[in-house]
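Each remark here refers to the structure printed beneath this line.
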Amino acid sequence: MTTIIDGNAIADQIRDDVSDCTDRLASDGVTPGLATVLMSDDGASETYVSMKQQACAEIGIEGYHHEIDADEPAEELYDRIEELNEDPAVHGILVQMPVPDHVDKRTVLESIDPMKDVDGFHPENVGRLVAGNARYKPCTPHGVQKILAATGVETEGKDAVVVGRSDIVGKPMANLLIQYGEGGNATTTICHSRTRNLAERTRSADIVIAAAGVPQMIDGSMLSDGTVVIDVGINRVDADNEKGYELVGDVDFESAAEKASAITPVPGGVGPLTIAMLMYNTVKAASLQSGVAVDLP
Ligand code: NAD
């Protein structure tokens, strides 16, 4: 019997809990504020940002959306970040990635006030995460941790394989899994594009977390019976439908589900958690900056 994990239901619960925290902040006159900055013409990025702003509106977070033309000089973006750093109504700042090639991504990440860095990508926040003292856990890996907990998957002592070593998913995911405490204590392997015999690694895992950005690259033949499979991938592939594309994960769902004890679908798996955890971090940011304590889940 394979459990198909309902990411929407898990995210709804977290959003409800976070919404209780916004009520608590409101009773002390604090409205959490999230600024999103988009410097891109990419349709997918526009969609992601508008989903984030919509989620803000639904749970009592004030959204401030900024758009900068993709061909403007990089300084426009750096200056905008400085303004937002100084704005007391803004507790969290999110610059939607990717930024244009002429913008230095590292400068962007390092310009954001670490207290407002709700993505958790500033070197100070990365360092805190690695040291086991996270301020803002990056949203997608944090969401995966929440999925595992809500599904009753014990990570302690388990063999976890993370496929992908990006700064936003793979590396922080592995870091969370090796921390002491709940949702951690896993023996964790990071695989990437140069890994030899990937299938051997994934077959030996109790938990596989796929974040490679390669459509359906992990199939049932690469898994053992009873594996927990978390599919972070969101890939657009051509399809014979109105849109001309469909979204698929990094896992071949049909064959993987035959082996998995639990598996996330795409869409409806990890994606909703990423947005819920952004709300979580924004409320945490407002709490830390205002000094009003909240009881986040
Ligand atoms: P990325 O391109 O930055 O990193 C991909 C990683 O996968 C790289 O480290 C690379 O070494 C590894 N990789 C690539 N091909 C591989 C292969 N054949 N075998 C093993 N490893 C391989 O991507 P990312 O930003 O980490 O995103 C990964 C995927 O997750 C993408 O599909 C992205 O759209 C998706 N994503 C989803 C969410 C969400 O909310 N669900 C959030 C972020 C990213």
Side-chain angles (χ1 to χ4, degrees), residues 1-7 9-11 13-14 120 126 129-134 137-192 195-212 214 216-233 249-253 255-266 268-274 276-277 297:
M1 196 48 197
T2 305
T3 302
I4 313 292
I5 297 170
D6 184 349
I10 299 168
Q13 180 61 57
I14 291 172
V126 175
L129 172 77
V130 174
N133 183 26
K137 294 181 184 176
C139 302
T140 302
H142 194 190
V144 172
Q145 252 189 341
K146 293 287 185 191
I147 286 179
L148 293 172
T151 312
V153 176
E154 178 56 78
T155 52
E156 179 162 329
K158 297 289 170 58
D159 288 315
V161 166
V162 179
V163 184
R165 58 173 159 184
S166 72
D167 292 338
I168 64 167
V169 188
K171 281 186 208 162
M173 185 72 251
N175 265 307
L176 289 174
L177 288 164
I178 59 168
Q179 300 294 338
Y180 289 100
E182 211 183 317
N185 286 328
T187 304
T188 305
T189 305
I190 305 180
C191 296
H192 49 74
T195 297
R196 282 178 288 167
N197 301 325
L198 176 66
E200 258 175 44
R201 310 268 176 188
T202 51
R203 257 184 241 124
S204 71
D206 302 303
I207 302 167
V208 171
I209 298 170
V214 181
Q216 298 170 319
M217 65 170 284
I218 293 175
D219 65 23
S221 73
M222 300 171 70
L223 302 167
S224 296
D225 282 329
T227 309
V228 174
V229 181
I230 307 292
D231 189 355
V232 178
D250 289 353
V251 174
D252 176 50
F253 186 85
S255 63
E258 284 176 19
K259 293 283 189 69
S261 57
I263 184 168
T264 56
V266 176
V270 176
L273 268 296
T274 297
M277 300 326 289

Using the test side chain to side chain contact (heavy atoms under 4.5 Å, CB included), find all partners of [X] that sit at least two apart in sequence or belong to another chain.
| X | value |
| --- | --- |
| Thr188 | Ala160, Val162, Ala174, Leu177, Ile178, Ala186 |
| Ala150 | Ile10 |
| Ile168 | Phe121, Ser166 |
| Val126 | Val130 |

Got a sec, which residues hit side chain to side chain donor-acceptor pair (under 3.5 Å) with [X], two or more places apart in sequence or on another chain?
| X | result |
| --- | --- |
| Ser255 | Asp252 |
| Thr155 | none |
| Thr140 | Thr274 |
| Asp250 | Asn235 |

Point-to-point distance, once rounded to the nearest 0.5 Å, from [atom1] of [X] to [atom2] of [Y]:
| X | Y | atom1 | atom2 | result |
| --- | --- | --- | --- | --- |
| Ile207 | Thr227 | CD1 | OG1 | 9.5 Å |
| Ile209 | Gln145 | CD1 | CD | 9.0 Å |
| Ile4 | Thr151 | CD1 | OG1 | 11.5 Å |
| Thr2 | Phe253 | OG1 | CZ | 8.0 Å |

Can you list the residues that meet the salt bridge (Lys or Arg N to Asp or Glu O under 4.0 Å) rule with Lys171, with sequence neighbours excluded? Asp167
For the student: nearest non-hydrogen atoms of [X] and [Y], plus distance:
| X | Y | answer |
| --- | --- | --- |
| Met217 | Ala212 | SD-CB, 3.6 Å |
| Pro272 | Gly7 | CB-O, 4.0 Å |
| Gly269 | Thr264 | CA-CB, 4.0 Å |

Do the non-hydrogen side-chain atoms of [X] and [Y] ever get within less than 4.5 Å of each other?
| X | Y | result |
| --- | --- | --- |
| Thr195 | Ile190 | no |
| Ile230 | Ile5 | yes |
| Ile263 | Asp231 | no |
| Pro138 | Leu129 | yes |

Sequence neighbours left out, what pairs pass salt bridge (charged side-chain N to carboxylate O under 4.0 Å, His left out) with at least one residue falling in residues 139-165? none
Test Val163 against Val232 for side chain to side chain contact (heavy atoms under 4.5 Å, CB included), laying out the working first. CA-CA 10 Å; Val163 184; Val232 178; over 6 Å; no
Side chain to side chain contact (heavy atoms under 4.5 Å, CB included) evaluation trace for Met222 with Leu198: CA-CA 8 Å; Met222 300 171 70; Leu198 176 66; 3.8 Å; yes
Under the side-chain hydrogen bond (donor to acceptor under 3.5 Å, both in side chains) rule, what pairs show up with a residue in residues 216-226, not counting sequence neighbours? Asp219-Ser221
Start with the C-alpha gap between Val144 and Leu273, add the side-chain angles, then the distance that decides, and say whether side chain to side chain contact (heavy atoms under 4.5 Å, CB included) holds. CA-CA 7 Å; Val144 172; Leu273 268 296; over 6 Å; no
If you count the non-hydrogen atoms of other residues, nucleotides and ligands that lie under 6.0 Å from CZ in Arg203, is the total more than 12? yes
Quick one: ring-ring contact (aromatic ring centres under 6.0 Å, His included) pairs with a partner in residues 137-183, sequence neighbours left out? His142-Tyr280
